[in-house]
There are 2 protein chains.
Amino acid sequence: MTTRMTRQRAAVAEALDQQDEFRSAQQLHEVLRARGDSVGLATVYRTLQTFADAQEVDQLRNADGEVLYRRCERVEHHHHLVCRSCRRTVEIDGPTVEAWAAKVGAAHDFTDIDHTIELWGTCADCRG
Amino acid sequence: MTTRMTRQRAAVAEALDQQDEFRSAQQLHEVLRARGDSVGLATVYRTLQTFADAQEVDQLRNADGEVLYRRCERVEHHHHLVCRSCRRTVEIDGPTVEAWAAKVGAAHDFTDIDHTIELWGTCADCRG
DNA sequence: CGATTCATGAGAACGATTCTCACGCTTGGT
DNA sequence: ACCAAGCGTGAGAATCGTTCTCATGAATCG
Ligand SMILES: [Mn+2]
Ligand SMILES: [Mn+2]
Ligand SMILES: [Zn+2]
Ligand SMILES: [Zn+2]
């Protein structure tokens with residue numbers, strides 16, 4: 001239950017903070033390696049999962065099914081608009097869809113409604 | 001580019017039609033095997049992908065990252081409310097979120113907006 | 001300064017999906 | 001119907017992201 005502070009966790013947290021875009025565990029592992037902060041791949045996976053469980057990082061899947069992680073600005077629940085090519089991310093606050101999702105779930109007598117809402121597009125920079 | 005009619009394709013299509021819930025390629029493969037319509041697993045995967053490309057089946061990923069397929073009633077774009085435990089599915093028409101997604105994308109100067117919107121919950125039957 | 005116990009990491013294992021490629025069947029023309 | 005052309009098939013190998021194993025290392029706390 002405890003969460004010991006280790007060099008590895010600090011390194012992963014720092015690498016995450018340096019990223020603006022969503023990154024995969026393997027990408028972050030590479031970032032760490034390049035920085036000289038050697039951390040085992042298994043540890044990167046474990047640490048990211050720990051952070052995600054603690055709601056300290058957001059995670060989503062790209063079209064290929066890879067899990068991507070990002071430390072967002074806002075800590076409250078939100079969604080993302082992600083560039084398909086560079087992964088530039090905009091944090092989206094969607095009260096409209098929150099209400100919609102809850103209403104639809106209730107209307108069909110489903111409980112514990114959870115929603116997956118992510119927007120993908122091509123950002124201005126990647127459009128040339 | 002052609003699409004030859006084979007016993008395997010007919011079998012996969014038929015197995016899909018018998019399902020009310022979202023199913024994985026492996027589950028459908030098992031359904032086929034149980035029916036006596038033996039179809040290779042690779043063929044099941046290929047056929048489902050072909051159907052998906054042709055917009056004849058919808059696909060989504062569950063929390064574990066597995067891809068699930070379903071032949072829906074409505075052929076037009078829509079979303080789903082899926083039971084986490086039995087996968088019972090309700091097809092959702094969401095003009096509200098369609099507009100929201102488009103607006104958000106445009107507001108941030110992203111083009112070719114695509115959205116992933118799926119609702120998960122526990123259906124009445126699975127709640128006991 | 002120990003003792004305790006969680007954390008780490010190299011490599012094996014996993015599991016869904018894709019790839020390979022020789023063989024067979026659908027198809028379109030004759 | 002007959003045939004040639006080439007798409008479709010399937011068993012097994014290969015991929016690849018992710019998780020597991022387990023011996024070793026390090027953080028924590030009295
Ligand atoms: Mn939301
Ligand atoms: Mn939609
Ligand atoms: Zn971009
Ligand atoms: Zn259910």
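This structure is a prediction, so every number in the text was calculated from the model and none was measured. Order of the sequence lines fixes the chain letters, A, B, ..., with proteins taken first and strands second; residue numbering starts at 1 for each chain.
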Without decimals, in angstroms, what is the distance between [X] [atom1] and [N] [atom2]?
X     : N      : atom1 : atom2 : answer
B:R33 : D:dT9  : CZ    : P     : 20 Å
A:H29 : D:dT18 : NE2   : P     : 13 Å
A:Y45 : C:dG11 : OH    : C1'   : 15 Å
B:N62 : C:dA16 : CG    : P     : 10 Å
B:Q49 : C:dA16 : CD    : P     : 17 Å
A:Q59 : D:dG17 : CD    : C1'   : 14 Å
A:L48 : D:dG17 : CG    : P     : 15 Å
B:L41 : C:dT18 : CG    : P     : 10 Å

Any B:Q8 side-chain N or O less than 4.0 Å from OP1/OP2 of D:dG10: yes

Reading nucleotides 24-30 of chain D from the 5' end, what letters show protein touch, with B for base, S for backbone sugar-phosphate only, - for no heavy atom under 4.0 Å? --BBS--

Picking from B:V97, B:L119, B:L81, what satisfies side-chain contact (heavy atoms from CB on, under 4.5 Å) with A:H115?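 Exactly one pass, corresponding to B:L119.
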
Indicate yes or no: does B:E14 engage B:R35 in a salt bridge with an N to O separation below 4.0 Å. yes

Of the nucleotides C:dA10, C:dA16, C:dC19, which one has an atom closest to the side chain of A:A42?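 When the side chain of A:A42 is considered, C:dA10 is the closest of C:dA10, C:dA16, C:dC19.
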
Check whether A:V67 and A:V31 end up in the same hydrophobic cluster, where Ile, Leu, Val, Met, Phe, Trp and Tyr are linked by side-chain heavy atoms less than 4.5 Å apart.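 No: no chain of side-chain contacts under 4.5 Å links A:V67 to A:V31.
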
With the side chain counted from C-beta on, respond yes when B:Y69 and B:D58 share a heavy-atom pair under 4.5 Å apart, and no when they do not.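 Sidechains of B:D58 and B:Y69: no contact.
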
Is there side-chain contact between B:L48 and B:L28, with heavy atoms separated by less than 4.5 Å?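 A side-chain contact under 4.5 Å exists here.
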
Quick one: ring-ring contact (aromatic ring centres under 6.0 Å, His included) pairs with a partner in residues 7-64 of chain B, sequence neighbours left out?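 Passing the test, one end in residues 7-64 of chain B: B:F22-B:H80.
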
Return the 5'-most residue of the pair A:T43, B:V67 with respect to DNA chain C, ranking by each residue's nearest nucleotide.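 This one resolves to A:T43.
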
Closest-nucleotide 5' rank along DNA chain C - winner of A:V39 and B:R46: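 Looking at the nearest nucleotide for each, A:V39 comes out on the 5' side.
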
Look at all strands and tell whether A:R9 reaches a base, only sugar-phosphate, or nothing, counting heavy atoms closer than 4.0 Å.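 Sugar-phosphate only.
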
How close do A:R7 and A:V39 get, heavy atom to heavy atom, and via which atoms?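 A:R7 and A:V39 have their closest heavy atoms at NH1-CG2, 4.4 Å.
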
